[in-house]
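What follows is a short report on a single structure.
Within every chain, numbering begins at 1; the chains are lettered A, B, ... in the order of the sequence lines, protein sequences first and strands thereafter.
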Amino acid sequence: MNAEKYNELKSYIMGFVFSVILTSIPFYAVYTKAFSPATLYIVIAIAAVTQIAVQFRFFLHINFSKQKREDLHLILFTVLLLIIMVGGTLWIMTDLSSRMH
Amino acid sequence: MSTWSLTGRLSPDVVTLFDVFKDPSINNAVVSGAASTEVIGILVAVALLTRYRLWKPLWEKWLTSVDHKKIGIMYIVLGLVMMSRGVIEGAVMRAHQTTSLGGNGILSAHHFAELFSTHGTIMIFFVAMPFIIGLINYLVPLQIGARDMAFPLMNQISLGLTTAGAALVMISLVIGEFETGGWTAYPSFTAKAFSPGVGPDYWIWAIAISGVGTLLSGINFAVTIYKLRAPGMRLLYMPLFTWTTLCTSILIIFSMPALTVAVLMLALDRYLDFHFFTNDLGGNMMNYANLFWMFGHPEVYVLILPAYGVFSETSATFAGKRLYGYKSLVVATMCIAVLSFTVWLHHFFTMGQSATVNAAFGVATMLIAIPTGVKVYNWLATLFRGRIRLTVPIIYLTSFFILFVIGGLSGIVLANPTIDYQVHNSLFLVAHFHNVLLPGLLFGMLSGIHYWFPKAFGFRLDEKLGKITALLWAIGFSVTFLPLYGLGLMGMPRRSPSYYNAEFEPWMILTGFGALCLVSAMLMLFATFWVSIKNRHTLAVPHGDPWNGRTLEWWTPSPPDEWNFAHPPQISGIDAFAYAKESGAPYNVPSQYHEIVLPAPSSLGFIFMCLFTLLGFALTWWIYWLALLCGLAIPVVLIWHSFRAEKCQVISAATVRQKDSAWRNQTQSAPGIKRDLESTASNKGKASTEGAVSV
Amino acid sequence: MSTGSRHPGLNLGEGHGSADERAEIAMFGFWIFLMSDFITFGLVFAVYGTAMGATAGGPTAKDLFEFKSVCLQTAVLLFSSLTCGMVSMSLKHQHSDNQQHSIFFLVFWILVTTLLGMVFIGLEYRDFSTMAEKGGIPSRSGWLTSYYALVGLHGLHMIAGCLWALVLVVQALQFGLEDKVKTRLMRWSLYWHFLDIVWVGIFSGVFLGGFI
Amino acid sequence: MSLLLLIPPANASATFLAPLGSVAEAQRSHLIWVIVLTLGAIVPVLIATPLILWRYRYQNKKAKYLPSWAFSIKLEYVLWGLPSIIVTALAFKLWHSVAELAPYRPIESQENVAPLCVQVVGLNWKWLFIYPQYNIATVNALNLPVGRPVSLQLTTDTVMQSFRISALAGQIYAMPGMTTQLNFIASKKGETLGENTQYNGDKFAEQRFAVKALSTADFQQWVSQVKDTGNQLTAENYHILAKPGNAALARKQLDLKNNEALNFNALPAHLFHRIVNRYHTHSAVPDTAQPGSPTYEAERASLPSLDLPMTNFCTQMKKELQ
Ligand code: HEO
Ligand code: HEM
Ligand SMILES: [Cu+2]
């Protein structure tokens with residue numbers, strides 16, 4: 001097995017292991033109601049964001065290497081727009097609905 | 001959804017052709033007149049194609065072509081066809097309102113509502129979009145020295161989908177009716193409970209289908225620009241039109257999903273009894289407004305940015321000068337693109353949100369004035385200390401300067417929530433957006449068409465008629481739309497089938513005349529084409545560079561060969577062609593030629609156009625067996641296609657050599673033309689080095 | 001395009017010659033498409049967020065969601081991401097000596113991944129039907145409407161992914177590892193990983209959030 | 001040309017250019033401010049365009065020709081600086097005016113009277129005004145006392161509409177199942193017009209109403225007149241009123257005389273809240289029970305009973321000087 005192949009295999013397996021852990025934590029926490037609801041939301045959110053980053057890193061091999069960064073830029077730009085659009089929507093709509101009753 | 005009959009909701013009386021005989025009235029005369037004009041138009045086209053035996057060339061040279069240049073031209077033709085309907089509809093609405101003081105008027109209120117809805121939908125999605133996508137298609141590969149788009153076949157499919165959308169809107173003229181809630185189609189007015197007819201369904205499928213086509217175009221353009229630039233062409237060496245295309249593509253890629261989501265949710269509400277936007281069971285129509293404008297606002301910048309690109313090119317060329325502040329313009333374009341994702345709420349300032357939200361989005365909106373102002377100032381600085389030839393594009397540019405800034409001013413006015421509480425939904429708003437759409441977008445596109453026409457067809461357009469056309473547009477615009485600012489401030493709401501304030505009437509009559517002027521401007525545009533085609537031999541510019549151009553596209557014969565460039569040009573700065581002309585012999589014949597591989601023609605785009613038109617029609621009319629059939633056929637065709645061997649055309653090195661060297665030799669020996677003879681018959685497309693432009 | 005500047009992310013490598021060249025453009029285009037699709041999911045998600053309270057007296061998340069089933073779906077999908085990685089591996093590092101062998105492994109992993117995908121779809125279908133039995137149908141409330149839209153959208157993507165995979169299996173067997181088959185397989189695996197990432201958002205935001 | 005049109009015609013009555021109250025007046029002055037400030041960035045373009053075109057025309061060989069001049073950092077400061085300064089000023093004004101003129105913000109009046117509270121229901125194609133403090137209602141007529149703040153609470157019983165009284169306050173959307181608010185005050189006596197500005201079907205243009213700003217005495221007198229002579233607004237009558245059609249049609253269907261005012265005195269309890277709650281009953285409202293739908297059947301529609309939660313707007317204003 002050549003080194004590149006070995007490294008890639010390692011990457012997939014590490015990604016898988018990390019993902020399993022990051023999935024189990026919130027599932028377990030919710031199942032056992034280990035924390036207060038507010039804490040649970042935070043745990044879920046952190047685990048989810050981390051897992052998404054992990055999958056990008058280990059399954060899709062996106063990293064900060066010095067290669068061309070088009071894909072990374074594209075992803076970061078998308079994330080920025082997602083924050084603007086999803087965050088903006090939630091901001092606007094909650095503000096509106098709190099003023100409509 | 002309940003009926004599963006063979007013909008769904010279709011029945012003989014949905015055909016509008018004979019309405020006037022069933023119930024004679026001016027309104028029905030207009031309805032049937034429009035429908036029969038369309039049917040007769042199609043019949044005449046079919047007859048002519050048959051008479052002159054053009055079916056085969058049409059199919060082989062155009063409909064199955066995957067050449068970006070042909071696709072670009074077809075987009076623009078689609079835009080022109082749709083524009084003739086859209087402009088006439090505008091004029092008919094104007095005619096109606098000159099007669100509707102006190103309640104009546106030549107049309108029924110319902111018909112008037114259909115008119116503003118089709119007019120808005122057509123103008124934005126099937127005129128403006130085809131124009132910009134067509135121009136981009138034609139130009140961008142040429143400007144960056146590429147052989148074609150990154151995905152030529154997908155490009156053809158995009159055209160097919162856009163055409164399918166346009167076809168659905170056209171079909172609605174003859175069969176059934178169109179939606180009546182405006183181009184924005186807000187629920188719950190467009191929900192099943194309030195608009196049970198087929199109108200909103202036509203709108204939904206036309207928009208959804210063409211939207212997919214547009215998204216694919218956006219992806220295609222972005223990849224082309226990122227990956228297929230000529231060797232040495234850094235991003236910061238790209239012509240400005242290409243830059244604006246890149247930004248427009250980014251806007252398309254990230255804003256189209258919002259439209260698709262909004263429209264499909266509306267469809268789910270209407271077809272499957274979902275509750276996204278309904279009045280009851282927790283639906284919320286405010287979500288629709290939010291989603292729609294998350295697309296809608298970026299969309300208007302999708303439209304204007306390429307126009308800015310055109311103005312950047314024409315101002316430099318016709319001032320005989322380098323573009324002032326290239327980097328500034330690039331930065332400003334990027335700023336506009338990013339900012340345009342942060343302002344959508346300004347379309348519903350009056351929905352009831354808190355002052356903080358309104359103020360934040362109001363300020364964000366105003367910020368766009370800064371980069372836009374920089375652009376306008378930079379174009380003026382480009383003209384400054386130039387040698388300006390008063391050609392048709394410069395007339396459009398001048399009108400743009402003077403009129404667009406008024407539209408920008410009214411945009412700033414509207415960006416103030418405080419004032420928007422008053423003028424939202426009024427004719428002031430209608431004046432604003434026509435003020436940016438005509439002098440901005442439309443003038444940009446028309447001047448682009450005039451400027452690049454000789455590149456595409458090998459002959460120039462008649463200057464004199466072109467000037468008359470441009471002036472008619474400018475004057476017609478001013479008379480039609482500037483009074484609407486006043487009417488809006490006096491309180492007249494938009495989309496009013498009738499009005500009751502006698503003070504409005506004189507202004508309405510005035511704008512009615514303006515609309516006539518605009519119709520004649522459009523006729524004059526077609527006359528320009530017609531006369532120029534007749535005089536094409538005297539206007540011919542086979543050498544390819546009639547305006548002493550600066551960017552790569554002028555470094556090809558007119559029209560360019562199918563493969564664009566025999567060799568990808570080596571680039572070392574901006575304005576590559578101007579540089580080449582300056583530094584010696586741009587037309588030297590290279591010593592070596594290679595064979596060129598191009599993708600083969602394909603009928604896939606055409607098949608998709610037919611399938612999607614049918615699909616949209618079937619869904620609109622609840623002919624579910626047909627919809628199912630088409631819905632299955634589409635993936636089947638895709639899969640079938642994916643199994644076929646990829647076909648290519650190989651053009652031998654000898655053929656390339658023969659065509660390319662012939663052009664180079666002829667051009668080299670041709671006399672260069674000075675700029676004051678630019679619009680005379682002696683201009684065959686080679687510029688003299690007089691007024692040479694140092695780079 | 002010089003080979004030194006390959007994009008990061010899934011790729012083939014120089015050993016694949018022309019396929020690697022073509023992948024550069026095809027993959028970049030597909031990345032852009034996926035990012036656009038990401039926005040689509042994000043917006044449906046946002047609508048879901050605004051409709052969370054709109055149960056209109058109908059059944060709520062607590063009445064309808066099944067913890068075990070969500071666990072199982074998540075596990076299956078996550079596992080399929082790993083097997084999908086194996087597809088990329090066997091595509092990229094072919095047995096240079098034995099073409100038949102390479103294709104065998106490749107097809108094997110695609111089929112395993114697809115099978116897991118189908119199990120996921122099956123589980124989701126079962127969820128939908130038990131929900132419907134309890135009165136949780138999309139027309140019941142704004143919340144259910146957006147639930148079905150979001151989860152259903154992901155489900156439809158999954159179905160498309162499975163179909164696509166099956167087509168690619170046939171093509172791999174018929175054409176061998178031609179350039180076009182390779183670049184298609186790469187896009188497919190990108191798509192598959194992307195769907196798993198979306199699912200992370202869904203199980204966290206919709207299901208785990210709903211159980212709290 | 002457009003500037004000339006900004007000057008209001010002498011008798012333009014239904015516009016904020018001829019304001020009847022402080023909100024519209026502030027909006028007008030804000031408009032003028034914005035135009036003046038913006039012109040600061042735009043007039044240079046209007047002046048420079050003809051000058052440059054003339055001076056640097058091709059034929060004028062005397063003018064300087066610098067074909068490769070393409071950048072100047074000093075100029076750049078001006079080109080970015082000027083619009084930035086103007087936009088900063090505009091943004092500053094915007095922020096303040098938005099907070100100050102927020103439509104939900106109650107108006108303070110010198111006389112310290114309790115505001116007049118009116119509940120507005122948009123119907124196809126007419127407006128129903130409910131005066132809970134007086135237990136009266138009107139269709140297409142909004143009468144107000146001068147000098148007393150007015151608080152409107154709005155909804156519709158059909159599609160979304162936009163309620164505007166230009167000379168007093170501007171507009172705000174009104175939506176079924178939801179409520180929005182609009183506050184203003186009339187500072188002088190006069191008549192003006194209100195309307196819907198959001199297209200909602202064939203008779204959209206007829207959905208207008210008369211607004212009268214009256215002296216307190218005249219207002220009181222009008223109230224008692226409505227109390228004495230108005231008609232009963234029973235639930236059935238309301239369902240007829242809600243049918244698509246203009247005011248004239250409603251008059252006919254309610255068996256009223258041709259020019260008789262659509263005034264009502266006896267109202268179902270909490271009519272407004274029950275209209276809002278029509279869309280919150282936890283069961284679907286069929287098309288036939290949705291006023292404004294072409295398939296609406298008045299007989300099938302019902303208003304929810306009172307056991308649903310009610311919005312509390314106006315209740316604190318109930319302690320009214322009757
Ligand atoms: C091509 C299309 C286009 C363009 C370019 C614009 C440009 C702008 N628009 Fe407009 N718009 C467009 C198309 C529309 N707009 C609309 C509606 C609309 C609304 C909502 C109003 C309402 O519904 O009540 C607002 C607030 C604006 C604001 C603006 C602003 C601030 C700009 C700015 O980008 C203008 C910037 C330009 C300026 C300012 C002039 C040049 C600048 C100079 C010379 C110097 C600097 C200036 C300053 C410092 C002030 N627009 C609608 C209505 C849709 C509907 O409801 O149907 C459409 C179609
Ligand atoms: C050329 C002559 C044109 C005329 C005479 C014209 C006229 C009109 C009229 C009368 C209306 C309805 C106004 C109202 O709501 O009261 C309208 C609306 C509209 N027009 Fe135009 N117009 C023209 C060109 C254009 C162009 C070129 C575009 C876009 C590229 C455009 C885009 C729109 C849009 C988006 C609407 C709004 C439709 C709606 O209310 O939903 N128009 N136009
Ligand atoms: Cu906008």
Where on [X] is there a heavy atom nearer than 4.5 Å to chain C: the side chain, the backbone, both, or neither?
| X | value |
| --- | --- |
| B:L291 | side chain |
| B:A262 | neither |
| B:T224 | neither |
| B:F277 | neither |
| B:M256 | neither |
| B:L264 | neither |
| B:M154 | neither |
| B:N287 | side chain |

**Request:** Among the options C:V47, C:L144, C:V170, pick out the one with the most heavy-atom pairs lying under 4.5 Å from chain B.
**Result:** C:V47
**Message:** Out of C:V44, C:T40, C:L153, C:T55, return the one with the most heavy atom pairs under 4.5 angstrom to chain B.
**Reply:** C:T40
Answer with side chain, backbone, both or neither: which region of [X] has an atom nearer than 4.5 Å to a non-hydrogen atom of chain B?
| X | value |
| --- | --- |
| C:R140 | both |
| C:F30 | neither |
| C:T50 | side chain |
| C:E178 | neither |

Parallel, tilted or perpendicular, judged at 30° and 60°: which one describes the rings of [X] and [Y]?
| X | Y | result |
| --- | --- | --- |
| C:F211 | C:F65 | perpendicular |
| B:F292 | B:Y288 | parallel |
| B:F254 | B:F341 | perpendicular |

Does [X] reach the main-chain N or O of [Y] with its side chain, forming a donor-acceptor pair under 3.5 Å?
| X | Y | value |
| --- | --- | --- |
| B:S255 | B:E299 | no |
| C:S139 | B:F274 | no |
| C:S204 | C:G201 | no |
| C:K62 | C:I212 | yes |

**Check: C:T60/C:D63 side-chain N/O donor and acceptor closer than 3.5 Å** = yes
**Request:** Decide whether C:Q73 and C:S69 meet the rule of one side-chain donor and one side-chain acceptor closer than 3.5 Å.
**Result:** yes
